[in-house]
Amino acid sequence: MLRTRTCGELRAAHVGRAATLCGWVDSYRDHHGVVFVDLRDRWGKTQIAFRLDLAADIQELARSLRLEDVIRVTGDVAHRGEDRVNPKLETGAVELHAAQLEVLNRSRTPPFQPGTSELPNEELRLTYRFLDLRRRELQRALRVRHQVCKLTRDYFDSHDFLEIETPMLGRSTPEGARDYLVPSRVHPGSFYALPQSPQIYKQILMVSGCDRYFQLARCFRDEDLRADRQPEFTQIDVEMAFVDRDDILDEIDGLLAHLVQGIRGETLQLPLPRYQHREMLERYGSDKPDLRFGMELVDISGIAAASDFGVFKTAVASGGRVRGIRAPGAADRYSRRMIEEDLTRIAADFGAKGLAFFKVVGGKLESTIAKFFSDEQRQEILRAFGAADGDLLLFVAAADAVSSPALAALRNHLGRELKLYDPRELNCLWVVDFPLVTWNKDENRWDAEHHPFCSVMPEDVPLIQSDPGKVRALSYDLVVNGYEAASGSIRIHDPKVQQSVFDLLGISEEQAEARFGFLLEALRYGAPPHGGIALGLDRWVMLFCGYDNIRDVIAFPKTQKASDLLSGAPSPVDDRQLRELSIRVELPQG
RNA sequence: GGGGCCGUAGCUCAAUUGGUUAGAGUACCGGACUGUCGAUCCGGAGGUUGCGGGUUCAAGUCCCGUCGGCCUCGCCA
């Protein structure tokens, strides 16, 4: 080893001993006669003192050091003295009195300094990702990510699961997300698809008698990106045989408790609460509500219909509802203009035609629309919300399909802006009893809410034909701080039920055979009842770190247009490569 | 595919209503200083205002197009 200690290691107890450190120059201060260098590695920073009176021969070399140079220093660990301790550094009580200095490598002047708090724009960070990854925040993310992986493997190993790898080169199934395709050289005109998830393989592993499977699986989806979505991501993929829904929820409860204990040293209260899908939609307007704060939706359709406010009356008369939320203490924070522009825009994103509001002042409702409500109606509204002075009430009058997501988005926005929760908290809950299918009015058909192999609540099986929208699935989501952090289901193992679901989804027997015939065939040879779940590993790391962007927990992420600015991927390829693959490229016009 | 925000020195930002030679901090280069830790002080260098076009006596600023980054709706079984 080139070093005897790391830069995060030395303490007062080491004073008087010799040490050799290696690392990057995080900062330097030249006092002519004494040069200070803060040396950084993965473990921390240590101040090096190059003193003219102790080591005159290396003084000139020390003065030449610049940011991000890589050096090796040998010297004695020394007390800094009472009044010179730096409380900001773990190693702040000591410094290394350098006797020998070796410059292992000079750095070009870096385009930005990993050691400062001032962040450059993300484009530059991604282009120089190797510098960005030197920053403390990203180093922390990499460490937490490693811990999540390690703790996950430990947990499932101790629960008798097998970690099994499934193919990256698989068969394209046109269901679901767009596939990333890989051309086959030996089968001209044919393509593999990168897995959107190992869904079919893990079900086949259950048929194979593996019984308990997990995998840290890379998945690929060629869809548009978001702050919490990358084209390639990692799932903690799990499947179990001979289980019912609650067995799986219990198993994952245990995993989460293990992770929270291992990463934060905190105890997670089990079991995690399990809520009905319908209830979450009614109370929060979302199937993935952030329950770190309250602010439940309140229905005032009755009062609205009796009022003189045309917009409200019309909405109720045409089958919609008038629902609102109460933003505590927000009346002064949002001016009329901010409500009518910023907040209304959020609601408008989801199709809301407008956003009505009241401010509660002196026990009364103030608003441009207050005149349309009688004193008694205003009192009813105050009571319905339990509103107090300083509160802001916001209303959307529309069909639920519009007002639910609009109010849910407003709720999230207000919760964040009004700081209604502790950003460190991890609020976990299960949402169960999802509908099996939802009506796709553009395509005029039923779409699977989860996927076509998702099992049906036994008592709802007769409804598949009579009232498909009411059929509840044996599926479940794990929601954390408003993010979908895991999703799974019990699978269908009865061919008759499977056929009726395919019928409902408009998938013919021929189509089913063509797309996933190999799974259906496997299910005919003694498939055990089974089910599983997949956790979004990247999102979990993001949540554990308290970050709001998935790119910050991925070593080499892609931009919103799915480019890798570091490597320049994707890129054109040689004609020779294309010829080998029997591929001709035709670029879009313009 | 739609909506929004952004792009000025290596970096972070400023530049009045369209008007003088586009400024500051930091990094970089040189100098001073034996205890700093965001070191300090003195000096220097550093600009195709993303790119292309247009309007104007005059454009960083206004208009059109385009490229790139971020947020978001659709999309993501």
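When reading the values below, keep in mind they use all heavy atoms of this one structure, side chains included, and skip hydrogens, waters and symmetry mates. Below, read A as the first sequence line, B as the second, and so on, with proteins coming before strands; counting in each chain starts at 1.
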Next item on the list: May I have the step-by-step check of side chain to side chain donor-acceptor pair (under 3.5 Å) for A:His31 and A:Arg51, ending in yes or no?
Entry: CA-CA 10 Å; A:His31 287 253; A:Arg51 285 170 44 162; over 6 Å; no
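If you find the closest nucleotide of RNA chain B to A:Thr173 and to A:Asn121, the one lying nearer the 5' end belongs to A:Asn121.
Remark: side-chain polar atoms of A:Ser489 are not paired, donor with acceptor, to backbone N or O of A:Arg491 under 3.5 angstrom. For the pair A:Arg539 (side chain) and A:Ala485 (backbone), a donor-acceptor distance under 3.5 Å is absent.
Set against B:G25, B:G68, B:C37, the side chain of A:Glu118 has B:G25 as its closest nucleotide. Minimum atom distance to the side chain of A:Glu123 is reached by B:G68, of the listed B:C37, B:G68, B:C73.
The shortest distance between the side-chain N/O atoms of A:Thr559 and the OP1/OP2 oxygens of B:G69 is below 4.0 Å. Between A:Arg551 and the phosphate of B:C71, there is a side-chain N or O to OP1/OP2 separation shorter than 4.0 Å.
Within a 6.0 Å sphere centred on CZ of A:Arg11, other residues, nucleotides and ligands contribute more than 12 heavy atoms.
The side-chain contact (heavy atoms from CB on, under 4.5 Å) search around A:Thr127 returns A:Leu565, not counting sequence neighbours. Listed by chain and number, the residues in a side-chain hydrogen bond (donor to acceptor under 3.5 Å, both in side chains) with A:Ser172 are A:Asp179 (sequence neighbours excluded). In this view, A:Ala512 and A:Phe502, A:Ile507, A:Phe516, A:Leu520 satisfy the side-chain contact (heavy atoms from CB on, under 4.5 Å) rule, not counting sequence neighbours.
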For residues 546-553 of chain A, tabulate all N or O donor-acceptor pairs below 3.5 Å that involve a side-chain atom, not counting sequence neighbours.
| unit_1 | atom_1 | unit_2 | atom_2 | d |
| --- | --- | --- | --- | --- |
| A:Tyr547 | OH | A:Glu137 | O | 2.8 |
| A:Tyr547 | OH | A:Arg140 | NH1 | 3.3 |
| A:Asn549 | OD1 | A:Arg551 | N | 2.7 |
| A:Arg551 | NE | A:Glu122 | OE2 | 2.6 |
| A:Arg551 | NH2 | A:Glu122 | OE1 | 3.1 |
| A:Arg551 | NH2 | A:Glu122 | OE2 | 3.4 |
| A:Asp552 | OD1 | A:Arg125 | NH2 | 3.2 |

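B:C29 sits 42 Å from B:U66 when the P atoms are compared, rounded to a whole Å.
When heavy atoms are screened at a 4.0 angstrom cut-off, A:Pro120 is found touching the sugar-phosphate backbone but no base atom.
Annotation: proximity of residues 216-239 of chain A to RNA chain B (heavy atom, distance under 4.0 Å) is found for A:Arg221, A:Glu223, A:Asp224, A:Arg226, A:Ala227, A:Arg229, numbered in ascending order.
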Once base and sugar-phosphate atoms are separated, protein heavy atoms under 4.0 Å mark nucleotides 27-34 of chain B, 5' to 3', with B, S and - as SSS---BB
